[in-house]
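Written out below as C-alpha cells is the structure these notes cover.
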Amino acid sequence: MTERAWIASRKGLFELLKRNERWTIGPVAFLGEPVSMVLADPRDGAVYAALNLGHFGVKLHRKDAGAEHWVEITAPAYPLKPENSADPVDWTVKFIWSMAYGGTDEPGVIWAGTLPGGLFRSTDRGESWSLVQSLWNAPERSEWFGGGYDVPGIHSICVDPRDSRHVLVGISCGGAWVTHDGGSSWALSAKGMHASYMPPERGDEQNVQDPHRIVGATGTPDQLWCQHHNGIWRSGNFGADWHEVSAAPLSNFGFAVAVHPTDGNTAWFAPALADQTRIPTDAALTVSRTTDGGKTFTALRTGLPQQDCYDLVYRHGLAVADDGCTLLMASTTGGVWLSENAGDSWRTISSSMPPVYSVCFG
Amino acid sequence: MATLIFTPQLARFTAAPEIHTDALTLRAGLETAFAANPRLRAYLLDEQGCLRPNVAIFIDGHTVRDHVRLDAPLTAHSKVHVLQALSGG
C-alpha cells in the first residue's frame, strides 16, 4: 500500500504521509539545507538523502527501516586528480543528481550520478563508494557539456531488473550509455536520438544528445522512455535504439517523465514551453499521459492550476508509486500535487513549498 | 600552541570543538583537527585537498588567500578562525 512519499527541496526533506485516507506533509529533516536527491530502497526499506550544503559540500545521509534518526554516511568523492592530468574538469563532486538501487540479487548496491558527470557505485549501502573509472575514462567524456548546469551530469540510472549487470545511464549532455558487465565497460546507447540544438551535421551524434530524463518499467524492462531536450523518445530494447514519439500535446519539451511500473506503454510527462521561457503552456499546468506507447496522449488538467501558473517540473519532480495510479508532482516554485487515479485528477498538497528537486514514494 | 576555532554552524553537522596544536602550518593544524574528527575533513576540504570555495579561514585576523597549499605559517600564539564565507540564502 502506498502510504509515504518524500519531497527533496531547497530547504529540507519533507515526508508526505497518508493518514486517514488523506495525504499530509509530515516531519521535515535537514530543515534549511538543500536536498538534491532522495532515494527509497524497497529492498531493505532504507532511505537516502543527498545534501548539498552551501558551505560545507556534498553530504549523504541514510535512514534505515524503523530507525528514528538519519545517519551521515560517506558521500561519493573523486580520487585525487593526477598532477599530470590534461583533464580540464574539476574532480570535485558538485552535487548528487541521481541515485538508484541495484538488483534484488545484489543487496547493498547503490548507484549515484553526480555533476561533473561521474558515476559512483557502492556495495555497502553507501558506507563507501567507488568511481566507475571505465565511464570516467571514456575518451568521449571530453565532448560532454553542461545542460542547465556549467558542467555535465548523470541524472538517470536504469538497472535492468532481469540482469543487474545491465545498466543504462542518461547524461546531460552526453547521451545515454550502457554497460552489460556491471560497469566494467560502457558503450554509447543513444542511437536514434536527434539534437536540434546542434549544427545539422552533428545532430545525430549520440554523444551530444541531451536526454533530460530516462526511466524504465520494472514489469516491462525492455521499454524505456526518454524526455529529451527537443522531444520524447522511446526504446523497446533497453536503449539499443530509440524512436521519436511525436504525438505529445502542448509541447515536446520538458524535463520529467514517469513510467507505469508494470505497463511500459503508459507514461506521464510534464510539458513546458521550449526553450528560453520554460513555463507551462498558456501558464496552465498540464500532465500528458499516454497509455498506448505514445500513439496518443491525454492532456490532464483537473485539479492543476490553470491560470497564472509558472511552475516548472524538474527531472526528478514527477514520480509514480508501485500501484501505478498514485502520482506525485512538484515544481521549482514550490507547488506539490498528488493524484490517486493515474493523473485524471489532482489534489494540491501545497503551493508554497521550497523549490523541489526530487520526489519519490517509499 | 596555536588555537583553531570553528564556526558554530559546523556543530549542526559534525563535532568541531576548539583545537590547540603545535603545528607550524595551517594545513598541519587542520590535520590535527581532522585526526580528532575524520568526518570534519570533507566539510572543510574538497576531495582534492583544497579549501571549499565557501569556507573562509583567518589567521590572526588576516584572510588566507591560498586555498590550495594551505601552508600559511602558524605561531604558538596564532588564533585561526574557520568560518563560513558569506553567501546568499
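Letters go in sequence order (proteins before strands), and every chain restarts at 1.
Judged by distance alone, the side chain of B/Gln48 and the main-chain N or O of A/Pro79 form a donor-acceptor pair under 3.5 Å. No side-chain donor-acceptor contact under 3.5 Å links A/Lys59 to the backbone of B/Phe13. Checked by atom type and distance alone, the side chain of B/Glu47 pairs as donor or acceptor with a backbone atom of A/Val93 at under 3.5 Å. Between the side chain of B/Asp46 and the backbone N or O of A/Thr92, no donor-acceptor pair lies under 3.5 Å.
Of the residues considered (A/Trp91, A/Phe30, A/Phe56), A/Phe56 shows the highest number of contacts with chain B, using heavy-atom pairs under 4.5 Å.
Evaluation of the side chain to side chain contact (heavy atoms under 4.5 Å, CB included) rule for A/Thr179 yields A/Val167, A/Asp181, A/Trp186 as partners, not counting sequence neighbours. For A/Asp311, the side chain to side chain donor-acceptor pair (under 3.5 Å) criterion is met by A/Ser331, A/Thr333, not counting sequence neighbours.
Residue A/Leu51 does not touch chain B at all, counting heavy-atom pairs closer than 4.5 Å. For a residue to count as touching a neighbouring chain, one of its non-hydrogen atoms must lie under 4.5 Å from one of that chain's; by this rule B/Thr7 touches chain A with the side chain only.
Surrounding CZ of A/Phe95 are more than 12 heavy atoms belonging to other residues, nucleotides or ligands, all under 6.0 Å away. Summarising the local packing, CG of A/Asp150 is surrounded by 12 or fewer heavy atoms from other residues, nucleotides or ligands at distances under 6.0 Å. Open room surrounds CG on B/Leu24; 12 or fewer heavy atoms of other groups in view lie less than 6.0 Å from it.
A salt bridge links B/Arg12 to A/Glu33: at least one charged side-chain nitrogen sits closer than 4.0 Å to a carboxylate oxygen.
To the nearest 0.5 Å, atom CZ of residue B/Arg39 and atom CD1 of residue A/Ile73 are 9.0 Å apart.
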